[in-house]
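The figures here come from the full heavy-atom set of this structure, side chains too, leaving out hydrogens, waters and symmetry mates.
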Amino acid sequence: MSQLLILAAEGEAENPLIPPIPELVIGLLAFVIVFGFLAKKLLPNINKVLEERREAIEGGIEKAEAAQTEAQSVLEQYKAQLAEARHEAARLRQEAQEQGAALIAEMRAEGQRQREEIVAAGHAQIEADRKAASSALRQDVGKLATDLAGKLVGESLEDHARQSRVIDRFLDELEEKAEAGR
C-alpha cells in the first residue's frame, strides 16, 4: 500500500489542469510580449483603416443624400417645366382653334358674299337678257304684225312712228292680260 500512496502523492502533484509555475510564467511573458507588439504595431493600423472606412462610408452616405436631394430638385424642376409646357401647348391649341374658327367664319362670309355677287350678277344678266329678248320680240312681233296687217289691208304700213305706237300698245295689253291671269 505504501506504493499506492506514493503513486497517489505523485498523481496529485501532476494535475493536468494546473500548469507548472515556470510554464505559466513563460506563457504569461510571451503573451505580454505578443500583446504589446500587436498593440503598438498592428492595432493603430487597424484603427486607422477602420477610421478611413467609416469616413468613406459616411462620405458616401452624405454624397448619396446630396445626390438624392439634387435629383429631387431636378425632378421638381422637370415637373414644373412639364406642367408649363402642357399649359403652353393647351394655350397654343386654344389659339389655333380660335384662329381656325375665325378663318372658317371669314371664309364662310367670303363665300356668302361671292354667292350673293354671283346671284346678283345672274339676276342682272337675266334681267338684261329678258329686256333684250323682250325688245327683240317686240321688234319681231311688230314686224310680223305690220307685214300681216299690210297683207290684210293690202297696203304697206311703212310709217314707223305709228307702227311703233301700235305695237307697243298691243304688247302692253298682252302683258296686262298675262299678269291679270296669274
Side-chain angles (χ1 to χ4, degrees), residues 28 30-146 160-161 163-182:
L28 188 60
F31 176 75
V32 168
I33 291 171
V34 170
F35 183 76
F37 174 75
L38 289 177
K40 291 281 185 189
K41 295 287 182 182
L42 196 56
L43 192 59
N45 289 338
I46 290 173
N47 283 338
K48 181 181 175 187
V49 168
L50 288 175
E51 184 65 25
E52 288 174 357
R53 180 174 271 175
R54 184 185 62 77
E55 288 176 3
I57 289 172
E58 287 177 359
I61 290 172
E62 290 173 1
K63 287 179 184 176
E65 288 175 352
Q68 185 176 8
T69 304
E70 183 179 346
Q72 187 67 27
S73 68
V74 168
L75 178 64
E76 292 300 323
Q77 288 175 352
Y78 170 74
K79 285 181 180 179
Q81 288 175 350
L82 184 61
E84 184 179 327
R86 285 182 179 158
H87 179 70
E88 183 68 17
R91 185 185 64 77
L92 290 175
R93 190 171 34 252
Q94 181 66 27
E95 284 180 8
Q97 287 174 347
E98 290 171 0
Q99 288 176 354
L103 185 61
I104 288 172
E106 182 181 321
M107 294 310 264
R108 281 185 182 158
E110 179 66 21
Q112 183 70 22
R113 186 189 60 77
Q114 288 178 356
R115 184 185 68 84
E116 290 172 0
E117 285 178 2
I118 291 170
V119 168
H123 285 296
Q125 183 65 36
I126 289 171
E127 185 62 27
D129 289 347
R130 188 187 66 77
K131 286 182 179 178
S134 175
S135 175
L137 182 62
R138 281 181 182 255
Q139 288 176 357
D140 290 344
V141 168
K143 179 145 178 47
L144 289 174
T146 306
H160 289 294
Q163 180 181 0
S164 241
R165 285 191 309 270
V166 170
I167 292 170
D168 287 339
R169 191 182 55 213
F170 175 71
L171 289 176
D172 287 338
E173 288 174 8
L174 282 178
E175 284 179 3
E176 287 175 11
K177 287 181 184 177
E179 286 179 8
R182 289 184 188 171

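- A donor atom on one side chain and an acceptor atom on the other are not found under 3.5 Å apart for Gln68 and Gln72.
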Review point. Would Glu176 and Glu179 count as a side-chain contact (heavy atoms from CB on, under 4.5 Å) if you check the C-alpha gap in whole Å, the side-chain angles of each, and the deciding distance to 0.1 Å?
Key: CA-CA 5 Å; Glu176 287 175 11; Glu179 286 179 8; 5.7 Å; no
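- Gln94 CD to Gln99 CD: the interatomic distance, rounded to the nearest 0.5 Å, is 11.0 Å.
- How far CD of Glu110 is from CD of Gln112: 11.0 Å, rounded to the nearest 0.5 Å.
- Other residues, nucleotides and ligands place more than 12 heavy atoms under 6.0 Å from the CD atom of Glu76.
- Ion pairing between Glu116 and Arg113 fails under the 4.0 Å rule for side-chain N and carboxylate O.
- The list of salt bridge (charged side-chain N to carboxylate O under 4.0 Å, His left out) pairs with a residue in residues 46-57, not counting sequence neighbours, reads Glu51-Arg54, Arg54-Glu58.
- Between the side chains of Gln77 and Gln81, not a single donor N or O lies within less than 3.5 Å of an accepting N or O.
- Taking NZ of Lys41 as the reference point, atom CD1 of Ile46 lies at 14.0 Å (rounded to 0.5 Å).
- Pro44 and Ala39 get closest at one heavy-atom pair: CD-O, 3.3 Å.
- Around CD of Glu84, the count of heavy atoms belonging to other residues, nucleotides or ligands within 6.0 Å does not exceed 12.
- Between Leu38 atom CG and Ile33 atom CD1 the span is 12.0 Å, to the nearest 0.5 Å.
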